[in-house]
Amino acid sequence: MKTVCKMNQCAGCMACVDICPRDAIRVEDSLSEYNAIIEEDKCIKCNLCHKVCQECNSPIFRSPILWRQGWAKEENIRCSSSSGGFAAAIEKAFVKQGGIVCSCVFEKGLFKFSCEEKEENLSKFSGSKYVKSNPEGIYKKILCLLKAGRKVLFVGLPCQAAAVKNYIGDYQNLYTVDLICHGTPSPKVLELFLQDYDSCLGELESLDFRTKDNFGLKNKKIKFTVPIVRDHYTMTFLNATIYTDNCYQCKYAREERISDLTLGDSWGSDLPEEQKKKGISLALCQTEKGQELLQQANLNLVGVDLKKAVQNNCQLNSPSNKPCQRKKFFNMLKKGKKFHWIIFRCYPVRYIKDLVKTFLYRLKNTY
Ligand SMILES: Cc1cc2nc3c(=O)[nH]c(=O)nc-3n(C[C@H](O)[C@H](O)[C@H](O)COP(=O)(O)OP(=O)(O)OC[C@H]3O[C@@H](n4cnc5c(N)ncnc54)[C@H](O)[C@@H]3O)c2cc1C
């Protein structure tokens, strides 16, 4: 089997699929890893897939030239965002200036990318989706928009931002924002988790992954857990069990970044508790374009100690570690075992503690 990048190291950025003139590449998702497979009888050896692959090429890393923490001044933006609302405020200012924003949406069961130029449509980007999103088709679209003289802002994961740069090349009108990233699981893992609740992604109108520093899945129709217990998808996301293999060697998990602006959470911030509860974002600016994005947006910007911010955000230091339970987890998942049963087998103490907590919570809230 011939693959574009090293076996099991594909990040699923889909740039090779988009660039291939012969439609000879498909990305295979086997839950624990992705592979970009080349159909050799279709391949004309043009090498475009390798040129665009973010895994095969070394990106240009830049040290931040400016760093700030803070939040969106508009209360509704801050409130509907995962952290301090930097992303949404920057996106709003960008479209106000006549630009187009390209970012991740959850629609019809898919985590895909969409381009928006109207302020009223931007709310669909809000919120972190803790899953591997699929940028297929977006590269061609961005290039078309840039060629037509439009300004484009791409907001996505670091590997996706690197792929955009490889595909597009240098364009004055292209602005890139990457998120500090812990790692991403295949959306199929989330789909298998939902099966335990007799549901599926295609049925859900919306799915929230987090409310400020309270990490957990939320949906209007499904009660995943009682409030004092974390759902098992979020638990395995946060403890890094479920990411695809490439994430444990992520080259973007460092202080130097590849995009104009990097956004994350200002963990370890010494701002008042009352502000922390509402969410505080962290911004690392690598270029003048990044500074422009920050300046144009309606943000409350506060100084931050970069060294401390980096120390408190593991993903600015190194990739996530692979837990020893991961192999067993995926073996069982691939054999079709139920998600909750797998958690019981891989994390028995945690599972039983959660059961007891759930029982006591229900007892207390019934009588
Ligand atoms: C998988 C993942 C892991 C993360 N890990 C960390 C971490 O370890 N440390 C840290 O400080 N921050 C992490 N973040 C970033 C954090 O969750 C917030 O997005 C960030 O703090 C900015 O918050 P915000 O309020 O400005 O914007 P948000 O409301 O979070 O919106 C962020 C923007 O990112 C886009 N986006 C959301 N999910 C995805 C996705 N899956 N793929 C591509 N684009 C997406 C949205 O469309 C939106 O434009 C992670 C984000 C993701 C998606």
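Whatever order the structure lists ligands and atoms in, that order sets their numbers, starting from 1.
Between Y175 and F94, a ring centre-to-centre spacing shorter than 6.0 Å is recorded. For F224 and Y197, the gap between ring centers is short of 6.0 Å.
Using modelled atom types, one finds no donor on one side chain facing an acceptor on the other under 3.5 Å when comparing N35 with T3. Residues S128 and S82 bring a donor and an acceptor atom of their side chains to less than 3.5 Å of each other. Side-chain contact annotation: K276 with S269, donor-acceptor N/O pair under 3.5 Å absent.
Under the 4.5 Å side-chain contact rule for hydrophobic residues, V155 and I168 do not share a cluster.
Using a 4.0 Å cut-off between heavy atoms, I180 contacts ligand 1 through both its backbone and its side chain. Of all the heavy atoms of S128, the ones lying under 4.0 Å from any atom of ligand 1 are found in both the backbone and the side chain. Under 4.0 Å from ligand 1, the heavy atoms of F113 that appear belong solely to its side chain. At a 4.0 Å heavy-atom cut-off, ligand 1 touches T184 through the side chain alone. Counting heavy atoms closer than 4.0 Å to ligand 1, residue V105 contributes nothing at all. Under 4.0 angstrom from ligand 1, the non-hydrogen atoms of W267 all belong to its side chain.
Those atoms of ligand 1 that come under 4.0 Å of a heavy atom in G183, given as number and element, are 1 (C). Interface of R210 with ligand 1, defined as ligand atoms under 4.0 Å from a residue heavy atom, comprises 16 (C), 17 (O). Of all atoms in ligand 1, numbered sequentially from 1 with element shown, those under 4.0 Å from a heavy atom of G85 are 24 (P), 25 (O), 26 (O). Residue contact check: A87 has heavy atoms under 4.0 Å from atoms 26 (O), 27 (O), 31 (O), 32 (C), 33 (C) of ligand 1.
Checked for salt-bridge contact, R254 and E256 meet the test: a charged N lies under 4.0 Å from a carboxylate O. K278 has a carboxylate O that lies under 4.0 Å from a charged side-chain N of E75, or vice versa, which qualifies the two as a salt bridge.
For the pair K132 and Y34, the cation-pi criterion (under 6.0 Å, within 45° of the ring axis) is fulfilled.
Within the structure, ligand 1 has Q160 among the residues with a heavy atom less than 4.0 angstrom away. Note on ligand 1: K132 sits outside its first shell, no heavy atom being nearer than 4.0 Å. Residue Y130 places a heavy atom under 4.0 Å from ligand 1.
Of all protein heavy atoms, the one lying nearest to atom 40 (C) of ligand 1 is S133 OG, 3.6 Å.
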